[in-house]
There are 2 protein chains.
Amino acid sequence: MDSEELNIGLLLRFPYRALEDRIFAALARAGFDITPAQARLFRRVAPEGSRVTDLAERARVTKQTASVLVQGLVDAGYAERFPDPKDARASLVRASALGLQAAAVVDAEIARVEAEWSRAIGPTRYARLRRDLGELVRHLQG
Amino acid sequence: MDSEELNIGLLLRFPYRALEDRIFAALARAGFDITPAQARLFRRVAPEGSRVTDLAERARVTKQTASVLVQGLVDAGYAERFPDPKDARASLVRASALGLQAAAVVDAEIARVEAEWSRAIGPTRYARLRRDLGELVRHLQG
DNA sequence: TAAACTAGTCAGAAAGACTGACTAATTATG
DNA sequence: CATAATTAGTCAGTCTTTCTGACTAGTTTA
């Protein structure tokens, strides 16, 4: 199979999926049960706490959806809510100790996957791939 | 923002999402109304016809899910079914004329996006990125 | 202070995916 | 060759994720 023949969508998607599968497998192995949608929101939770509305905006879902997902994270013990001292309408969400443990598992697995990929195609080429992707992302962001 | 700081997941996901958004926008502009899930299955339909079970396997969904999605594609006029001459249990699915038109819109938009990306980071670097991604994908496939 | 805005939730609906149970046709086996 | 096992596909029911619309309750602004 010639990579020139593969469309760029597949070239990007395939490694992404592989990484995602590895991350969720690692989480499951460590006993963390978290859905992809919850994870996507959780990634955007700031250490000092985030508002549901901010999370919704950053994850590009409606406030209602974010509200449901945050509730799920709280119910599962990965996040906790506390009132926003500056605005009585709002509450803030932050990672719980359990949530931080889960995040550590994710980071460790990403590092492991990156090490494997670097070994697979060579550290020079892998670093170059990262740089080139970074350059593309920068251009896409404006 | 330093690209070295971004995790590889984001580096892959961001361009992928951008491409996908462009494709669905182009389809919508051209008057094609197709859902992402339907599109994912449709991409795997062989010119000579595919079985629902094969599509399910390749798209990694259950036969039931594939069955529903194929029905949607047929109802929307993008695909058509005909009996498998070799197996009376099975029927084959292939793209209709309308489906082929939609596929052409997708191909054109992908080409346009690739041309833009190539211009954005330079053709040499873009070609290199493609090659490096291809190399990574080859390794991931075994 | 009243009007306008913002934070967040509730209710209801749809899409997409799942499991389980089923029918009908085909292949394998004793 | 008859019956058991397998395979193709659908139906029914459920769960998750997401949406829109309507609402409550604080906050800001005019």
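Scope of the values below: all heavy atoms of this structure, side chains included, with no hydrogens, waters or symmetry mates. First the proteins, then the strands, lettered A, B, ... as listed; each starts at 1.
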### Query
Out of D:dT18, D:dT27, C:dC18, which has the shortest distance to the side chain of A:A88?
D:dT27
### Query
Charged N to carboxylate O below 4.0 Å: is that the case for A:E116 and A:R22?
yes
Length of the [atom1]-[atom2] vector between [X] and [N], whole Å:
X	N	atom1	atom2	value
A:F24	D:dT16	CZ	C1'	14 Å
B:K63	D:dT7	NZ	P	9 Å
B:F82	D:dG9	CZ	P	12 Å
B:D84	D:dA8	CG	P	10 Å
A:Q38	D:dC15	CD	C1'	13 Å
B:K86	D:dG9	NZ	C1'	19 Å
B:D54	D:dT7	CG	C1'	11 Å
A:L69	C:dG8	CG	P	14 Å

### Any donor-acceptor pair under 3.5 Å from B:S96 side chain to B:E80 backbone
no
### Query
So, does B:R94 use its side chain to make a donor-acceptor pair with the main chain of B:P47 at under 3.5 Å?
no
At under 4.0 Å, does any side-chain N or O of [X] touch on OP1 or OP2 of [N]?
X	N	answer
A:R81	C:dT9	yes
A:T62	D:dC19	yes
B:S67	D:dT10	yes
B:R51	D:dA8	yes
A:T65	D:dC19	yes
B:T35	C:dG16	yes
A:R40	D:dT16	no

### Query
DNA chain D: A:Q64 or B:S91, which has the more 5' nearest nucleotide?
B:S91
### Task
Flag the pair B:E114 / B:R130 as yes when at least one side-chain heavy-atom distance between them is below 4.5 Å, and no otherwise.
yes
### Message
Just so I know, are the side chains of A:F24 and A:P36 near enough to count as touching, which here means a heavy-atom distance under 4.5 Å?
### Response
yes
### Base of C:dT26 paired with side chain of B:R89 (donor-acceptor, under 3.5 Å)
no
### Minimum heavy-atom distance A:V70-A:V52, with the two atoms named
CG2-CG2, 4.3 Å
Looking for any heavy atom pair under 4.0 Å, which part of the strands does [X] touch: base, sugar-phosphate only, or nothing?
X	result
A:Q71	nothing
B:D87	sugar-phosphate
B:T53	sugar-phosphate

